[in-house]
2 protein chains.
Amino acid sequence: MQKLLSNLKITINEKLYVKDPETSELGRNILKNSIILIDEIGFEAFTFKKLGEKIQSNESSIYRYFENKHKLLVYLTSWYWSWIEYRMAFATTNISNPVEKLEKAIILVTENVVDDNATPHINEGILSRIIVEEFTKTLMTKEVDNENKEGFFLVYKRVINRIIDIIKEVNPEYPYAKSLASNIVEGSLHQHFLKNHLKTITNLSEKECATEFYTDMAKKILL
Amino acid sequence: MQKLLSNLKITINEKLYVKDPETSELGRNILKNSIILIDEIGFEAFTFKKLGEKIQSNESSIYRYFENKHKLLVYLTSWYWSWIEYRMAFATTNISNPVEKLEKAIILVTENVVDDNATPHINEGILSRIIVEEFTKTLMTKEVDNENKEGFFLVYKRVINRIIDIIKEVNPEYPYAKSLASNIVEGSLHQHFLKNHLKTITNLSEKECATEFYTDMAKKILL
DNA sequence: TATAAATTGATAGTATTACTATTATATTTG
DNA sequence: CAAATATAATAGTAATACTATCAATTTATA
């Protein structure tokens, strides 16, 4: 549980952890350094043993917080989408013009993320790199249907549903609001991946974000 | 659905295999059954030992064809994109109207794939399911930059480049031809994934394909 | 303050994975 | 028919992904 504003907390599905990592120093250390280590060596090479060495703690202690590294990754990605959802609620509230609301929402899911100093043990900038490189791996497993039933991806779906609702406000006649919303969110991650690794098949340049491309897309489709 | 010309052989980057699997019975058996087994149990659980048991051959024999399961998966996905590229060349050649050409290209990368009987050891229908569930994993590794230099993803990029060229023919003023093309190809895979697993955030229904959504998108953006 | 309870650390152990190496046995080809 | 090549069988290694046990330490509570 993380305080953002004084009264707002990020809550993560209890099934994702054995012991809530936000409740202890070791737990917060696991979160902080797993983000750094996954970013450094990639999720495939990441192990609890290596993390234990990094934080000068024991492998077995980490297992008391997370059953396995997959659930840790789902935890981290859930945290990220909660953080996006929270900021999206803020950014779009009290805006009456639906087009403007959509613009704000698209900015949030397409921009380059920088660290938000409100959470000392989570570096959102690094976490967003993990989202780009590893998020789809949390979905693309043989367990996805069971995990979906358990609510592992609820926050992610909630972010997309918020965008779906705004799209419907902008143009109630458009028949593919759901696909457009999920396409923008997932597509933006993919465009960021391409700009880092397969530069020839994206228009995004090194430090550019995907906002212009997807804002242009949404407006041409909906208006 | 077109058939491959009888004398046409799909050529794959030589760095992806130790011994060309197309040149022997065992090799073709590896290809055929790896597709079936990966589809059945998922790429994470797939091992050369299990494949050896399935084809009544030995783990060590499979290692003489492929260095590791990652390269086998890249081989299979390269095969798939070559097959798509070949059919796209056929489907779009001799069509003078760029919009019609784009429609044909979009159909090829968004439709539901059924087996093409021309290749007895590759079931394209099953292979396309693997593409939906596993393709991004071939890209999203820490080795992506090296492997990209080695040309592992050339065929995939060639398919996208073909679509980029058609988009430019349709509308030379549009500034995001590359991102639109890569978004359609990757996005279509993602929409198919969502219709199978996270149905609430896509408009595609069970047996529907992504053609309508992306054709509509391309036309609204480009025309 | 004493004691119980919970947390963490250290060590050991297991099954599986991802290979490599060796040798024997088929099969193909020249 | 001999030589070359391909495959099968077996063994072995290091790493991974855990589980279990027990001791040491910290924290809570009566």
Side-chain angles (χ1 to χ4, degrees), chain A residues 1 14-34 37-38 40-76 121 134 137-138 141-143 146-147, chain B residues 14-34 37-38 40-76 121 134 137-138 141-143 146-147 152:
Chain A
M1 231 169 286
E14 285 181 13
K15 288 171 184 156
L16 288 173
Y17 50 78
V18 182
K19 185 189 167 178
D20 186 349
E22 294 277 3
T23 60
S24 77
E25 199 57 37
L26 176 59
R28 287 184 293 272
N29 228 257
I30 288 171
L31 296 181
K32 179 177 182 179
N33 287 283
S34 62
L37 191 54
I38 292 170
E40 263 173 37
I41 63 176
F43 186 65
E44 274 69 41
F46 172 85
T47 67
F48 282 179
K49 197 168 185 203
K50 289 174 188 165
L51 178 60
E53 280 156 26
K54 193 179 181 82
I55 64 178
Q56 271 145 243
S57 177
N58 198 274
E59 196 188 1
S60 63
S61 304
I62 299 164
Y63 275 104
R64 282 195 202 93
Y65 285 85
F66 293 99
E67 264 178 63
N68 52 53
K69 68 175 184 172
H70 174 252
K71 285 197 174 176
L72 169 57
L73 183 60
V74 179
Y75 181 100
L76 294 174
H121 60 291
E134 323 283 1
K137 294 177 196 168
T138 65
T141 72
K142 278 284 164 184
E143 291 76 41
N146 283 329
E147 294 186 351
Chain B
E14 285 181 12
K15 288 170 183 156
L16 288 173
Y17 50 79
V18 182
K19 184 186 166 178
D20 186 348
E22 294 276 2
T23 61
S24 77
E25 198 58 36
L26 176 60
R28 287 184 293 272
N29 228 258
I30 289 171
L31 296 181
K32 180 177 180 178
N33 286 283
S34 63
L37 191 55
I38 291 170
E40 264 174 35
I41 65 176
F43 186 65
E44 275 69 41
F46 172 85
T47 66
F48 282 180
K49 198 169 184 204
K50 288 174 189 164
L51 178 60
E53 278 157 27
K54 193 181 180 80
I55 63 177
Q56 271 144 243
S57 177
N58 200 275
E59 196 188 0
S60 63
S61 304
I62 299 165
Y63 275 104
R64 277 192 212 94
Y65 285 86
F66 293 99
E67 265 180 62
N68 52 54
K69 69 176 184 172
H70 175 253
K71 285 197 175 176
L72 168 57
L73 184 59
V74 179
Y75 181 101
L76 294 174
H121 60 291
E134 321 284 2
K137 294 177 196 166
T138 64
T141 71
K142 278 284 163 185
E143 290 75 40
N146 284 328
E147 295 187 349
F152 286 17

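Numbered from 1 within each chain, the chains take letters A, B, ... in sequence-line order.
Comparing Phe46(B) and Ser57(A) against DNA chain C, the residue whose closest nucleotide sits nearer the 5' end is Ser57(A). If you find the closest nucleotide of DNA chain D to Asn58(A) and to Glu44(A), the one lying nearer the 5' end belongs to Glu44(A).
With respect to His121(A), the side-chain hydrogen bond (donor to acceptor under 3.5 Å, both in side chains) criterion is satisfied by exactly one of Lys32(A), Glu22(A), Arg28(A): Glu22(A). Only one option out of Tyr75(B), Tyr17(B), Phe46(B), Phe48(B) pairs with Phe66(B) in a ring pair (Phe, Tyr, Trp, His ring centres under 6.0 Å); it is Tyr75(B).
The CG atom of Leu72(B) sits 15 Å away from the C1' atom of dC19(C) (whole-angstrom rounding). Across the protein-nucleic acid pair, Ile30(B) atom CD1 and dT7(D) atom P stand 8 Å apart, rounded to whole Å. Distance Arg28(B) CZ to dT7(D) P: 11 Å, rounded to the nearest Å. Separating the NZ atom of Lys71(B) from the C1' atom of dA18(C) is a distance of 15 Å, rounded to the nearest angstrom. Regarding Leu26(A), its CG atom lies at a distance of 14 Å from the P atom of dT26(D), rounded to whole Å. We find that CD1 of Ile55(B) is positioned 10 Å from P of dT7(D), with the value rounded to whole Å. As a whole-Å value, the separation of Lys69(A) NZ from dC18(D) C1' is 13 Å. Following rounding to the nearest Å, Arg64(B) (CZ) and dT20(C) (P) show an atom-to-atom distance of 12 Å.
Residue contacts shown for Phe66(B) are absent, as no nucleic acid heavy atom lies under 4.0 Å away. Residue Glu59(A) is in base contact, counting any heavy-atom pair closer than 4.0 Å across all strands shown. Residue contacts shown for Ser60(B) include a base, since a base heavy atom lies under 4.0 Å away. Here Tyr63(B) lies in heavy-atom contact (under 4.0 Å) with a base. If you check every strand for non-hydrogen atoms under 4.0 Å, Thr47(A) touches sugar and phosphate atoms only. Note on Lys19(B): only backbone sugar-phosphate atoms sit closer than 4.0 angstrom, heavy atoms only; bases stay farther off.
Using modelled atom types, no side-chain atom of Lys54(A) and backbone atom of Ile30(A) make a donor-acceptor pair closer than 3.5 Å.
Within the 4.0 Å cut-off from OP1 or OP2 of dT16(D), at least one side-chain nitrogen or oxygen of Lys50(A) is found. For the pair Tyr65(B) and dA6(D), the criterion of a side-chain N or O lying under 4.0 Å from OP1 or OP2 is not met. Using a 4.0 Å cut-off, no side-chain N or O of Lys49(A) falls inside it from OP1 or OP2 of dA15(D).
We find that Lys50(B) and Glu40(B) are not joined by a salt bridge, their nearest charged nitrogen and carboxylate oxygen being 4.0 Å or further apart.
At most 12 heavy atoms of other shown residues, nucleotides or ligands fall within 6.0 angstrom of atom NZ in Lys49(B).
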